[in-house]
Amino acid sequence: MKRLSLFVCNLLFIIALPTSAQRILSPDRLTYVDVRVDDGKALYSVGYRKVMKKDTVDVEMLEPSPLGLYSNIADFSRHLVLKSTEAKRIHNDYRLWQSKQSHVVNDYEQRCFTFETSRGKTFTVEFRVGNGDVAYRYLIPMQGETAAIVVTGEATGFTLPKFTTTFLSPQSTSMVGWKRTKPSYEEEYTPDEPLNTRSRYGQGYTFPCLFHVGERGWLQISETGLDGRYCGSHLSDAVDGRYLIAFPMEGENNGFGSTGAQFGLPGQTPWRTITLGQTLKPIVESTITWDVVEQLYEPNFTYKGGRSTWSWIIWQDPSIVYDDQVKFIDLAASLGWEYCLIDGGWETNIGRQRMEQLFTYCRQKGIHPFVWYNSNGGWNDAPQCAKNRMYSPIVRKQEMKWLRHHGVKGIKVDFFAGDKQETIKLYEQILSDANDYDIQVIFHGCTLPRGWERMYPNYVSSEAVLASENLVFSQHMDDMEGFNATLHPFCRNAVGSMEFGGTVLQRRLNRGNNGGTTRRVSDVFELGTAIAFQSSVQNFALTPMNLDPQVTPAFEIDFMRQVPTLWDETRLIDGYPGKYIVLARRNADRWYVCALNGQKQPLELNLVLPMLAGQKVTWLSDGADGKSPSAQQVTLDKKGTFRTSIPAECAVVLY
Ligand code: CA
């Protein structure tokens, strides 16, 4: 009896469907959302249906959770009556070259619930339920003659079962950190933390938020479809397992601008997304972030992905001078790469005239430059130049005209001001103007992208992670590299392109390879992150020294010469966030499989890799001691069986 009740409580929570609840089922009928009104409040719960021998049972992943929002025209959170529902099947078939899957085809069940308040104001909750994915947003119609709304907050919540553990990154307080540039989604994750733990700064957690719902499985919450008509949201701290949607903090953007959102009616909020399943596979492979959004303008130019050199990451500020930039343009050319990023400080240290000479040199070498800009403006103290070029539309367009005239196809804009609607508008304005000048855009010191790869066709990628610069700044981050690199594909990088700027092949992270911090993970581990981390343009941390076979074995450079940055397909084979990951990605007809062991102990793997079945592939490993990297040829059997032992903080790559 005791065993039975434990089983029911922990694994299969069978709920009786209240008569008033309406159920939405995914096209495969295995993911469900129940919506009901209880005491004038709209509630939803989410789960999947587990097929047993004779029966199908509900596995609840999100307990009844509140819907609704607060505004200057009505309180859309209580005294609600359900007026009508509408159902429709939505078929997606679209191209997405900048992310984890180039051609997406899937179906969603759409259901719209229209509610009325006691004062006759109406709003609609639109749900879309796919196989393993749920999204919803609020649609507000005109209310009589009222054609504009200010949303001051939301009732939206997410209630997790109480035995859930969390994989979350805390939201920073505002106007703190280096030159008062936070929040910028650069906080450390804590794995497997108990529910209801107070967040590090008491400001809740940034998206995406990953939850381990015990033996029931995994669930991720995020946001997509954010544009200049709303603010970026995050999750509050949890009370009794319930997280609420939280708006930006008062102090963001130097205290300037509202914490709420203002838009015209009819209008809508961004989507909140929930991806769930018994395993982590739906979370790593999901495309919901892009499935429910639309392209907002036509690309003005055929934008391309590729590989880029980046002097600043290892050689730092002193390298932003003419002669060093020539060395990194030469390095990109000798590797057969496409891009070179000229980072912050160029306006003072190189000057506009000599930058034009560098642009000419790039052209001669067949390399496209990316040029760094400060987003400022008046919202932090970041001193790097070029400053004051990106926040004013007049100056911004002059600058972009100059860049286009000299054949520059990309910019990296850094140091934004948080998640207020004012700042989200700036992202959108930069992207839209850049498209008019054939320029693609990388953001750093910034918010999480929310569907932007599809919405803005010249958008490349965002940092919004404790990225490679921290490996240079602090030994702690090198010591934690294995943990973080095996966490990001399940969290941050699962919902958006991640500009990490990695693959360090020097042992020491300074110009001479003789000082600074020390890399802990192996060479093949670093090569594997080029597959595990996704961004359509990758700024890799290679330096001219890596071309010396005394420093870096030639096979490693051969791998980096041909590694793609664009993927047609992504498959999670195995893994656990922060411990290890086995991930397969396909470019055209070639599969790349990386197995990263982020732990301080060896990992035994017994894998089946159907995509490599019967094939002869190159096998990169670090040797039994973890310090003897080599490349061998291996032919997998007809099933694709692959057994290996990976030493601590080492990896295997197959391609
Ligand atoms: Ca940064």
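Atoms within a ligand are numbered from 1 in the order they appear, just like the ligands themselves. Nothing fancy with the numbering, it's 1 onward along the sequence. The model shown is predicted, which means the values in this text are computed figures rather than measured ones.
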Problem set entry | Residue that, paired with Glu347, satisfies salt bridge (Lys or Arg N to Asp or Glu O under 4.0 Å) out of Arg354, Lys387, Arg389 |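 Among Arg354, Lys387, Arg389, the one that satisfies the salt bridge (Lys or Arg N to Asp or Glu O under 4.0 Å) with Glu347 is Arg389.
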Problem set entry | Name of the residue among Tyr373, Trp372, Tyr322 meeting ring pair (Phe, Tyr, Trp, His ring centres under 6.0 Å) with Trp346 |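 Answer to the ring pair (Phe, Tyr, Trp, His ring centres under 6.0 Å) test with Trp346 among Tyr373, Trp372, Tyr322: Tyr373.
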For this session: Could you check Phe211, Tyr576, Phe490 and say which one makes a ring pair (Phe, Tyr, Trp, His ring centres under 6.0 Å) with Trp218?
Result: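 So, applying the ring pair (Phe, Tyr, Trp, His ring centres under 6.0 Å) to Trp218 and each of Phe211, Tyr576, Phe490, only Tyr576 qualifies.
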Problem set entry | Within residues 175-184 or reaching into it, pairs that qualify as side chain to side chain donor-acceptor pair (under 3.5 Å) - sequence neighbours excluded |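 Output for this query lists Arg180-Asp381, Lys182-Glu187, Ser184-Glu186.
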Problem set entry | Check ion pair Arg404-Glu399 (N to O, under 4.0 angstrom) |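 No, no charged N to carboxylate O under 4.0 Å.
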Exercise. What are the protein N, O or S atoms, given as residue plus atom name, that sit under 3.0 Å from the Ca ion (ligand 1)?
Worked result: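 Per the 3.0 Å query on the Ca ion (ligand 1), atoms found are Glu186 OE2, Glu463 OE1, Glu463 OE2, Glu469 OE2.
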Exercise. What residue among Asn539, Asp317, Asp343 forms side chain to side chain donor-acceptor pair (under 3.5 Å) with Trp312?
Worked result: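 Result for side chain to side chain donor-acceptor pair (under 3.5 Å) with Trp312: Asp317.
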